[in-house]
Amino acid sequence: MATYVVNGASKGIGFEFLRQLSVDPKNTVIGIVRSPESVQPKVASEIGRDNIHIIQGDLDDYDSLKKASDATAKITNGAIDYLIANGGRLALTSAFVGLGELGQDHKVMEEELAADFKTNVIGNINLFNVFMPLLLKGKEKKGLFISSGHGDLDLINNVHLHFAGPYAVGKAAMNVALAKLNAEYAKEGVMLISISPGVVDTGNGFLDTDKLSEKELKTVAEFGAKMAKTSPDFKGPISPEESVRMVLGVFHKASAANGDGGSFVSHFGNNKQWV
Ligand SMILES: NC(=O)c1ccc[n+]([C@@H]2O[C@H](COP(=O)([O-])OP(=O)(O)OC[C@H]3O[C@@H](n4cnc5c(N)ncnc54)[C@H](OP(=O)(O)O)[C@@H]3O)[C@@H](O)[C@H]2O)c1
């Protein structure tokens with residue numbers, strides 16, 4: 001029996017967390033979403049379990065996160081065991097170009113970087129801060145940030161992963177922020193970890209090739225070929241079901257005693273194989 005909070009639970013990987021974590025009827029699963037009015041009916045029809053509670057919260061709005069924490073405390077008696085910071089901004093404008101190309105219009109580059117930093121870094125730090133009092137009262141005291149291989153220097157350098165600069169900078173910055181939070185709260189029994197979920201076909205992200213231009217499709221194909229070279233086991237995107245199962249396996253196994261606090265690993269549980 002455990003209590004989980006999952007942010008960005010409306011769709012994709014976050015929605016799959018709701019599904020897998022609610023299988024055990026003894027678990028209480030809180031999903032934080034930006035638009036509960038559209039997510040609640042979806043959860044009812046596609047999962048249909050009464051141990052899931054949907055609450056409003058937006059990473060760009062501190063007050064909404066604070067309210068989400070207060071509303072969660074009322075449901076869970078003031079304590080949670082696990083916090084999963086999954087929500088994130090992924091903008092098409094900067095997804096498939098390098099920082100040099102993006103910066104040809106420096107205003108666009110600055111806006112993209114600022115927007116990613118606001119949502120994916122500041123928003124996530126606020127999320128951890130408002131839920132920390134609840135986590136500190138929980139039994140497990142574990143937090144997870146869903147990061148990305150884009151934030152790993154070796155991967156960027158080995159395959160010359162040049163695109164999605166603002167997103168990658170945000171993920172790398174948040175990996176550091178998470179390690180800082182872990183360092184701050186470790187003495188109180190908290191263990192925080194960043195895990196990349198792999199390349200996951202959620203059906204609504206950038207792997208939805210119908211939405212991409214020819215140039216963007218070329219970048220995706222080049223990326224696939226590079227990954228296949230460095231990771232011969234890479235057979236293409238995995239399903240949200242497989243990704244979340246693997247991420248939860250790594251997360252549940254991770255412990256402060258094993259030195260996992262503040263680390264950044266893949267869904268394989270290491271920092272070498274990202275896909
Ligand atoms: N899919 C992949 O291959 C992949 C690879 C590496 C890392 N990731 C990471 O995995 C996480 C989930 O991604 P996904 O692939 O499942 O993407 P997705 O299907 O597009 O879902 C993104 C989620 O983030 C939420 N979100 C966006 N902006 C937000 C904000 N300002 N405040 C709160 N929530 C916000 C979205 O809510 P709305 O429905 O309200 O927009 C949605 O629930 C992200 O952190 C992403 O960076 C994904």
Side-chain angles (χ1 to χ4, degrees), residues 5-20 31-40 42-43 54-68 83-92 94-96 114-128 130-131 144-152 155-156 161 163-164 166-175 178 194-209 211 220 223-224 227 234 236-244 246-248 251 264-268 274-275:
V5 171
V6 182
N7 182 45
S10 66
K11 59 188 177 193
I13 294 171
F15 193 77
E16 183 60 25
F17 272 118
L18 292 188
R19 190 195 307 277
Q20 292 191 22
I32 314 272
V33 303
R34 291 195 287 186
S35 311
E37 59 290 349
S38 61
V39 180
Q40 258 149 357
K42 183 179 158 186
V43 170
I54 299 298
I55 290 176
Q56 205 276 332
D58 186 332
L59 288 171
D60 293 335
D61 175 1
Y62 174 84
D63 291 342
S64 78
L65 296 178
K66 182 70 182 69
K67 276 189 198 149
L83 173 62
I84 300 177
N86 161 79
R89 177 181 188 273
L90 305 97
L92 190 54
S94 55
F96 293 112
D116 262 64
F117 202 81
K118 178 166 171 46
T119 306
N120 294 345
V121 184
I122 296 171
N124 272 312
I125 294 172
N126 280 333
L127 180 75
F128 276 97
V130 298
F131 277 97
L144 163 61
F145 167 57
I146 298 296
S147 189
S148 165
H150 274 284
D152 180 66
L155 183 65
I156 295 169
L161 197 55
F163 55 93
Y167 172 76
V169 169
K171 289 293 188 187
M174 191 54 213
N175 290 342
L178 180 118
S194 296
I195 303 178
S196 162
V199 179
V200 188
D201 189 357
T202 60
N204 48 39
F206 296 136
L207 300 169
D208 186 353
T209 47
K211 291 186 193 139
V220 173
F223 165 67
M227 295 312 287
F234 181 54
I238 57 175
S239 66
E241 189 282 324
E242 183 176 3
S243 169
V244 167
M246 292 180 76
V247 167
L248 283 175
F251 181 44
F264 168 38
V265 295
S266 71
H267 56 308
F268 295 104
W274 298 99
V275 298

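Order of listing sets the numbers, starting from 1, for every ligand and every atom in it.
For ligand 1, the atoms lying closer than 4.0 Å to a non-hydrogen atom of Gly12 are 16 (O), 19 (O). Set against the non-hydrogen atoms of Val199, the atoms of ligand 1 under 4.0 Å away are 3 (O). Applying the 4.0 Å criterion to heavy atoms of Ile146 picks out, from ligand 1, the atoms 9 (C), 10 (O), 11 (C), 45 (O). Every atom of ligand 1 with a heavy atom of Tyr167 under 4.0 Å away is listed here by number and element: 6 (C), 7 (C), 8 (N), 9 (C), 46 (C), 47 (O).
Checking only distances, Leu90 never comes within under 3.5 Å of ligand 1, N or O to N or O. The shortest N/O to N/O separation between Val200 and ligand 1 falls below 3.5 Å. At least one N/O-N/O distance between Arg34 and ligand 1 falls below 3.5 Å.
Using modelled atom types, one side-chain atom of Gln20 and one backbone atom of Glu241 make a donor-acceptor pair closer than 3.5 Å. No donor-acceptor pair under 3.5 Å is formed between the side chain of Ser10 and the backbone N or O of Val33. One N or O on the side chain of Asn86 and one on the backbone of Gly8 form a donor-acceptor pair closer than 3.5 Å.
The residue Phe15 has no part lying near ligand 1, judged by heavy-atom distances below 4.0 Å. At a heavy-atom distance under 4.0 Å, only side-chain atoms of Lys171, from C-beta outward, approach ligand 1.
Around atom 11 (C) of ligand 1, the closest heavy atom drawn from Asp58, Val244, Ile13, Asn86 belongs to Asn86. Nearest to atom 32 (N) of ligand 1 by heavy-atom distance, out of Ile84, Ile195, Ile32, Leu59, is Leu59. The option from Gly8, Gly198, Ser148 that lies nearest to atom 5 (C) of ligand 1, judged by heavy atoms, is Gly198.
Heavy atoms of Ser147 come nearer than 4.0 angstrom to ligand 1 in at least one pair. In this structure, Glu16 does not count as a contact residue of ligand 1, since none of its heavy atoms falls inside 4.0 Å of the ligand. Not close to ligand 1: Gly123, with no non-hydrogen atom less than 4.0 angstrom away.
Among residues two or more places apart in sequence or in another chain, the ring-ring contact (aromatic ring centres under 6.0 Å, His included) test is passed with Phe223 by Phe163. Under the rule for a side-chain hydrogen bond (donor to acceptor under 3.5 Å, both in side chains), the partners of Arg89 that lie at least two apart in sequence or sit in another chain are Glu112, Asp116.
When all heavy atoms of Val247 and Pro197 are compared, the pair lying nearest together is CG2-CA, 3.8 Å. Taking all atoms of both residues into account, the shortest heavy-atom contact from Leu59 to Gly88 is CD1-N, 4.5 Å.
The environment of NZ in Lys42 is crowded: more than 12 heavy-atom neighbours from other residues, nucleotides or ligands sit within 6.0 Å.
Ile146 contributes atom CD1, which lies 8.0 Å from atom NZ of Lys171 (distance to the nearest 0.5 angstrom).
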